[in-house]
Amino acid sequence: MFATTTSRFAENLEKDIEKQVRKAHNTFLQRAQAGEFDPTGGVSSPYTWWNIWCLGPFLSPPPSADSDDTTGYMPLSQIPDGQVLPAKRKAYVATIIYLNPDEILSPNNLLSPATVLSNFSLPYEITYNCANLSRWALAEMIVDGDDVHNPVKKGNLIPGKKFYVDVLEFECPNEGLMEMNITVRLLGDLIQYRNAPQFAAFANWVYSFDHRQLENAFVQGDHPSNPLKFLVFDTGL
């Protein structure tokens with residue numbers, strides 16, 4: 001467990017992803033109102049309280065010709081894809097937590113999972129479980145200058161908020177084929193939250209920034225269960 005210091009690039013990436021998700025969700029609602037599908041449940045799994053997805057990995061922008069600075073930002077559509085990335089190059093993976101805003105919990109349909117979960121202000125933990133499949137071992141990752149395995153990010157739900165975006169900024173110093181599985185706990189089992197619901201989940205679909213894909217993420221139904229995979233290669237060879 002560790003505290004993270006997020007770069008300006010990661011902060012801007014997080015803000016832009018949240019904008020994209022909000023836009024996709026609004027379009028999803030419009031499509032549902034137009035009768036394209038039954039919006040009941042509102043999330044892409046049978047677990048209608050909440051869901052998580054991941055995006056990435058993405059590479060930091062290449063250094064400019066006269067500087068090593070990689071903190072300058074660019075539009076999402078121009079950020080380099082990180083499916084194949086050089087060792088020790090900064091990369092980014094985003095996790096989206098979505099609390100279902102549909103009012104499905106009371107007989108009169110006046111209470112939503114998003115309202116219940118966010119009003120508890122539950123703490124949550126996101127674990128980025130990463131393995132080097134080429135070595136059949138935990139993948140070494142550099143986060144905030146420290147060598148770590150399976151880094152954990154913490155946060156709290158906020159009353160009235162249904163989207164939460166977290167961006168992990170990391171480097172992989174060793175080459176190999178990596179697989180990342182992202183898990184989230186809503187920590188309702190702590191003493192001060194003992195009356196709160198308890199939940200755990202893993203990201204069951206990796207998305208690109210294709211707008212239609214993000215819209216379909218909100219449609220309830222069966223989606224493929226894919227881990228996030230990327231290849232790290234040693235540029236010094």
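Quick note: residue numbers are just sequence positions, from 1.
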Exercise. Taking Glu175 for its side chain and Asp234 for its backbone only, find out whether a donor-acceptor pair lies under 3.5 Å.
Key: yes
Exercise. Using the test salt bridge (charged side-chain N to carboxylate O under 4.0 Å, His left out), find all partners of Arg22 that sit at least two apart in sequence or belong to another chain.
Key: Glu18
Exercise. Kindly compute the distance separating NZ (Lys229) from CE (Met178), expressed to the nearest 0.5 Å.
Key: 13.0 Å
Quiz prompt | Minimal non-hydrogen separation, Leu231 against Gly176, with atom names | solution = CD1-O, 3.5 Å
Quiz item: Quick one: does Trp50's side chain get under 4.5 Å of Leu186's, heavy atoms only?
Solution: yes
Quiz item: With sequence neighbours excluded, what pairs up with Glu140 under the side chain to side chain donor-acceptor pair (under 3.5 Å) test?
Solution: Asn174
Quiz item: Any side-chain heavy atom of Met180 sitting closer than 4.5 Å to one from Met141?
Solution: yes
Practice problem: May I have the step-by-step check of side-chain contact (heavy atoms from CB on, under 4.5 Å) for Ile17 and Ile96, ending in yes or no? | Solution: CA-CA 9 Å; Ile17 290 174; Ile96 300 165; 4.3 Å; yes
Quiz item: NZ of Lys88 to CD1 of Ile142: how many Å apart, nearest 0.5 Å?
Solution: 7.0 Å
Quiz item: Any idea which heavy atoms bring Asn150 and Asn129 closest together, and the distance?
Solution: OD1-CA, 3.3 Å
Quiz item: Got a sec, which residues hit side-chain contact (heavy atoms from CB on, under 4.5 Å) with Ser112, two or more places apart in sequence or on another chain?
Solution: Glu103, Ala114, Thr115
Exercise. Work out which heavy atom in Phe58 is nearest to a heavy atom in Gly56; give both atom names and the distance.
Key: CE1-CA, 3.4 Å
Self-check item: Closest contact, heavy atoms only, Asn100 versus Pro113
Solution: O-CD, 3.3 Å
Self-check item: Expected output: side-chain Thr127 to main-chain Val152 donor-acceptor under 3.5 Å
Solution: no
Quiz item: With a 4.5 Å limit on heavy-atom distance, are the side chains of Phe170 and Cys130 in contact?
Solution: no
Quiz item: Distance from Asn156 atom CG to Tyr124 atom OH, nearest 0.5 Å?
Solution: 7.5 Å
Practice problem: Could you pull out all residues at least two apart from Pro159 that satisfy side-chain contact (heavy atoms from CB on, under 4.5 Å)? | Solution: Asn119, Ser121
Quiz item: With distance as the sole test, does Asn132 use its side chain to make a donor-acceptor pair with the main-chain N or O of Ser134 at under 3.5 Å?
Solution: yes
Exercise. Would you please name every residue forming a side-chain contact (heavy atoms from CB on, under 4.5 Å) with Asn26, sequence neighbours left out?
Key: none
Quiz item: Do you know which two heavy atoms are closest between Leu138 and His149, and how far apart they sit?
Solution: CB-CD2, 3.6 Å
Exercise. Could you pull out the closest heavy-atom pair between Leu59 and Phe9, with the gap in Å?
Key: O-CZ, 4.1 Å
Quiz item: Atom OG1 in Thr95, atom CD in Glu14: separation rounded to 0.5 Å?
Solution: 10.0 Å
Quiz prompt | Side-chain touch Leu99/Trp49, heavy atoms, less than 4.5 angstrom | solution = no
Quiz item: What is the distance from atom CZ of Arg185 to atom CD1 of Ile126, rounded to the nearest 0.5 Å?
Solution: 13.5 Å
Quiz prompt | Side chain proximity check, Val93 to Ile182, heavy atoms < 4.5 angstrom | solution = yes
Self-check item: Residue pairs involving residues 158-168 (criterion side-chain hydrogen bond (donor to acceptor under 3.5 Å, both in side chains); sequence neighbours excluded)
Solution: Tyr128-Asp166, Lys153-Asp166
Practice problem: For residues Ile158 and Ser118, determine if any side-chain heavy atom of one lies less than 4.5 Å from a side-chain heavy atom of the other. | Solution: no
Exercise. Can you measure from CG (Leu85) to CZ (Phe233) and round to the nearest 0.5 angstrom?
Key: 7.5 Å
Exercise. Classify the angle between the aromatic ring planes of Tyr98 and Trp53 as parallel (below 30°), tilted (30 to 60°) or perpendicular (above 60°).
Key: parallel
